[in-house]
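Here the structure is laid out as structure tokens; the discussion comes afterwards.
We name chains A, B, ... by the order of the sequence lines, and we start the count at 1 in each one.
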Amino acid sequence: MTSTFGKGCHLHLIDGSAFIFRAYHALPPLTRKSDGLPIGAVSGFCNMLQRYVTDNHGADAPTHLAVIFDKGSHTFRNDLYDLYKANREAMPEDLRPQIPLTRAATEAFNIACKEIEGYEADDIIATLAVQARDAGGRVTIVSSDKDLMQLVGDGVEMLDAMKNRRIDRDGVFEKFGVFPERVVDVQALAGDSVDNVPGAPGIGIKTAALLINEYGDLDTLLERAGEIKQPKRRQTLTEKRDQIELSRKLVQLDRDTPLDFTLDDLELRDPDPDRLMAFLAEMEFRTLTRRIADQLGIDPPVIAEKPAQETAETPPEQPPFDAAAYECVHDADALRGWIDRIRDRGRVAVDTETTGLDEMVAGLVGISLCVDAGSACYIPLTHKAGATDDLFGSDQLAEGQMPLDEALALLKPVLEDDAILKIGQNMKYDAKILARHGIDVAPVDDTMLMSYAMHGGEHGHGMDFLSDTYLDHRPIPIKPLLGSGKSAITFDRVAVDDATRYAAEDADITLRLWETFKPQLHRAGVTTVYETLERPLIPVLAQMEMHGIKVDRDTLSRMSNAFAQKMAGLEADLHDMAGRDFNVQSPAQVGAVLFEDMGLEGGKKTKTGQWSTPANVLEDLATEHEFAARVLDYRQLQKLKSTYTDALQTHINAETGRVHTSYSITGANTGRLASTDPNLQNIPVRTEEGRRIREAFVAEPGNVLLSLDYSQIELRILAHIAGIDALKAAFADGQDIHAMTASEMFDVPLEEMTPEVRRRAKAINFGVIYGISGFGLARNLRIPRAEAQGFIDRYFERFPGIRTYMDDTIAFAKEHGYVQTLFGRRIHTPEINAKGPHAGFARRAAINAPIQGTAADVIRRAMIRMPDAIDGLPARMLLQVHDELLFEVAGDAVDATIAAARRTMEGAADPAVKLDVKLTVDAGKGSNWAEAH
DNA sequence: GACATCACG
DNA sequence: GACGTACGTGATGTCC
């Protein structure tokens, strides 16, 4: 029987974050012996919890106890002020994986462990403290955070566990110069640099307390600010009134946080010895396990002295693969059994089987699940009965399958449960398939993204390769099941037995890869990259892809017809000029006409022995020869028609009327995204004719397309990374960066700059980013190689930091086998120590990767924050084109959306990286993409 | 399926 | 002294 909280009860509330950080900083970086998982903070946390419970037996002993944690990074305070806590340092790499373990530790001690999405721990503490006080009980808040001091009084005290000092009303007065009732007023004026609360500039705690004590409270002070004698203070309080009142809202704790539990749920409980011992043993805390076992009067469990693993590649011990052991789930009872096991384990590998690769169209055929290595099942859902050529049975569902709706209804609570981790290989695919059936999968882990974070640049990240490499197991190939060519079938035509072996194995492999990769992430130093740049991108991209962009078929169709007509005319002209028929689309045949029939000099052959006729060669010939000019015209139209105006029409989704690209998170080694099916990152823009294709990308009626793009982001990042003061200054002054470079290099004053000189400097600026060579620049500018080399020498002379950056980067790559972005993304450069021409490529790629990769990281960060930033606005993020984000927004919210999106993009590096160069974003709007860009 | 070409940042 | 040479992508058509 539990009693009701009231007089005589004493609630202790532990600020979980404070405990964790103290434990982290108090202890050396210990790691778990068996696998190297960092465990120091968890160890310290457990020690502190254990001591707290056993040492508190006197008059202040708790009758109720809870550890309160923060949850989610976005709270109502971010809505009030988006810079709230914006300058907080990123969490240390080796602490991040320990956070969930501290919650597990609290639960293992059988202490109430509470957190509420969207609220800070301080608000929950405030609410509980007020409830307990109102019920007539005592409260001890275990924290030294001054933000909590506003709660002290009437039986509420704070305990600074570090100094073992209790803080009452007098203690608060000592700290703030006012009693708890007025602490918020003082904080509103003084601000807080740690949480980035602005306050009143120039006023600290001392002055704030003085003013509050003189005028009584903040409202009175602000009302009567005009009476203040000191002119500076008077001006500040008058002019910064809004900022001060905002600051008050930020520091005021919410005492009405909605709680899904009561004070009575926090009653002190004895730990369950088995559970506690199991946890401590799993963490391999030998000393602590023994000490607590002694206290509980039980025998400590034996913790095996497992040797540290030899290499990071050694997979954990796992049972052999056994396709015969996979279960085919036919009914609800069997599925419930699996769901119980999933809930038990708190995690599950999931894989969906579908009728195709286009997630917007493909039908769901079955789902496979795996809870432990070797223990997997397949749930067939929409397999068709009989042979494919069976005229009568072919569209009937096969027997022994659960109704789709019933299976999904059972799975939905699990797939959406916050406490159950869903593991996938390329989870964005499965998430989109399930989203079309009303299931919002979360939280997720993705083995493909883990591999990308650890091994980007080393190899691909497909499941077959990963399984072969890291599990030493070749998966069942899909080819024999589906066939190929004309006779290929879709997965719903695969026999259920075969499907079970194939699909369940995929889930099994995924789980084993996860068990292999998870502990390796921090050893590879990429936990933060995975957690902040990869994993959170999954739902963001899934939403963008599912929303799609409206493309007007009529516009494209009309353009296709116009192109076809022009091309037919050009083709006839070209045949006339050649004096014979030939295929204009064949470079080899064009070359034959030019260099054989017409006998032109200077033709080069490709490595396969065919005539080479790339655009730059034809351009050189075009001044003299009409034929070459017409071939170029033809090729441009051919490209626009086949790749864009024709192909895009086939990508318009029949249901949505929109085009849904698919972004590959792991597609580019540098961290850039890649867009496929269709590629919407290479829609023409550089020529007038091509740009018109963008007119077909339109907003819905009443809406507008917005385009926001980073201005010169890679050059800005180069200026920061290489520390080029002249470039930094030019960006700070908002100068034309290419003109500045030209002026500096060629000694031409800015006001006398010619377009030609500027063009050369621009080519050099870009060349630098790409790992410039005299040959490459010469070809690009069509100048003699010696002259190009002269420009480069001059450039390095004027901006010596560039040379240093290049040399240092290559030296780093040679030593470590990878280079890094400012955010810690690692791009491996396996060829850097190779001999021969390979090395040249690898060197230039190594020089480019930190720059291109940092820019890619920046826009990823912006994209991940964007849904929150535009929350509440009638706006959607549609596309990403490397340095550009495209939005669709209702006409009346254009300005608000531009403001929110620009702020998010320009501040995307903060707080993890403090750039020496500000990022600026240009915005455009219009009814179509051509206008908006 | 490799190659050449060309669209984008 | 020669070698090849701007970075990162995806889609299309030819040719074998």
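- Within the 4.0 Å cut-off from OP1 or OP2 of C/dC7, at least one side-chain nitrogen or oxygen of A/R844 is found.
- Among the heavy atoms of the strands, none lies under 4.0 Å from A/L640.
- Atom CD of A/Q852 is separated from atom P of C/dC7 by 11 Å (rounded to the nearest Å).
- Within the nucleic acid shown, A/N679 comes within 4.0 Å of sugar-phosphate atoms alone, with no base atom in reach, counting heavy atoms only.
- Using modelled atom types, one finds a donor on one side chain and an acceptor on the other under 3.5 Å when comparing A/Q636 with A/T687.
- Counting heavy atoms of neighbouring residues, nucleotides and ligands inside a 6.0 Å radius, atom CD of A/E624 does not exceed 12 of them.
- Backbone-only contact: A/V685 has heavy atoms under 4.0 Å from sugar-phosphate atoms and none from a base.
- Judged purely by atom type and a 3.5 angstrom limit, A/Q589 has no side-chain atom pairing as donor or acceptor with the backbone of A/V584.
- Among the atoms of the strands shown, base atoms are found under 4.0 Å from some heavy atom of A/G767.
- Across all strands, A/A846 comes closer than 4.0 Å to no nucleic acid atom at all (heavy-atom distances).
- When the shell of 6.0 Å around CZ of A/R474 is examined, it contains 12 or fewer heavy atoms from other residues, nucleotides or ligands.
- At the heavy-atom level, A/F766 lies nowhere under 4.0 Å from the strands shown.
- Rounded to whole angstrom, the span from the CG atom of A/D883 across to the P atom of C/dT9 amounts to 16 Å.
- With hydrogens and angles left out, the side-chain atoms of A/T613 and A/R635 include a donor and acceptor closer than 3.5 Å.
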Legend entry - Verdict with reasoning, A/H738 to A/F766, per ring-ring contact (aromatic ring centres under 6.0 Å, His included): CA-CA 10 Å; A/H738 302 309; A/F766 279 109; 5.8 Å; yes

Could you list all N or O pairs between the protein and nucleotides 14-16 of chain C that sit under 3.5 Å apart?
{"from": "C/dT14", "atom 1": "OP1", "to": "A/N583", "atom 2": "ND2", "distance (Å)": "3.2"}
{"from": "C/dT14", "atom 1": "OP1", "to": "A/Q585", "atom 2": "NE2", "distance (Å)": "3.2"}
{"from": "C/dT14", "atom 1": "O3'", "to": "A/S586", "atom 2": "OG", "distance (Å)": "3.3"}
{"from": "C/dC15", "atom 1": "OP1", "to": "A/S586", "atom 2": "OG", "distance (Å)": "2.5"}
{"from": "C/dC15", "atom 1": "OP1", "to": "A/Q589", "atom 2": "NE2", "distance (Å)": "3.2"}

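- Atoms CG (A/D646) and C1' (C/dG13) sit 13 Å apart, rounded to a whole Å.
- When both pairing distances are held under 3.5 Å, C/dC3 makes no Watson-Crick or G-U pair with any nucleotide shown.
- Taking atom P in both C/dA2 and B/dC6, the straight-line distance is 32 Å, to the nearest Å.
- Straight-line distance from the CG atom of A/D677 to the C1' atom of C/dT9: 14 Å, rounded to whole Å.
- C/dC3 and B/dT5 have their P atoms separated by 23 Å, given to the nearest Å.
- Between C/dC7, C/dA11, C/dT5, one nucleotide has an atom nearer to the side chain of A/F775 than all others, and that is C/dT5.
- If you take CZ of A/R843 and P of C/dG4, they are 14 Å apart, rounded to a whole angstrom.
- Proximity of A/Q681 to A/L673: side-chain heavy atoms (C-beta onward) are separated by under 4.5 Å at one or more points.
- Under the 4.5 Å side-chain criterion, counting only non-hydrogen atoms from C-beta, A/I769 is in contact with A/N848.
- Residue contacts shown for A/A855 are absent, as no nucleic acid heavy atom lies under 4.0 Å away.
- Regarding A/F582, its CZ atom lies at a distance of 15 Å from the C1' atom of C/dG13, rounded to whole Å.
- When heavy atoms are screened at a 4.0 angstrom cut-off, A/Q638 is found touching the sugar-phosphate backbone but no base atom.
- At the heavy-atom level, A/S773 lies under 4.0 Å from base atoms of the strands shown.
- A side-chain N or O of A/T555 and one of A/D552 form a donor-acceptor pair less than 3.5 Å apart.
- Contact annotation for A/I772: base contact, defined as any heavy-atom pair under 4.0 Å involving a base atom.
- One atom, OH of A/Y770, and another, C1' of C/dT9, lie 12 Å apart when rounded to the nearest Å.
- Remark: P of C/dT12 and CZ of A/F563 are 16 Å apart, rounded to the nearest angstrom.
- Side-chain atoms of A/R902 never come within 3.5 Å of backbone atoms of A/L708 as a donor-acceptor pair (strictly under, hydrogens ignored).
- Counting atom types as modelled, A/R635 pairs no side-chain N or O with a base atom of C/dT12 as donor and acceptor under 3.5 Å.
- Searching all strands for a Watson-Crick or G-U wobble partner of B/dC6 with both distances below 3.5 Å returns C/dG10.
- Chain A approaches DNA chain B over the interval B/dC3 to B/dG9, counting the first and last nucleotide 5' to 3' with an atom under 4.0 Å from its heavy atoms.
- Atoms CG and NE2, from A/L449 and A/H461 in turn, are 9.5 Å apart once rounded to the nearest 0.5 Å.
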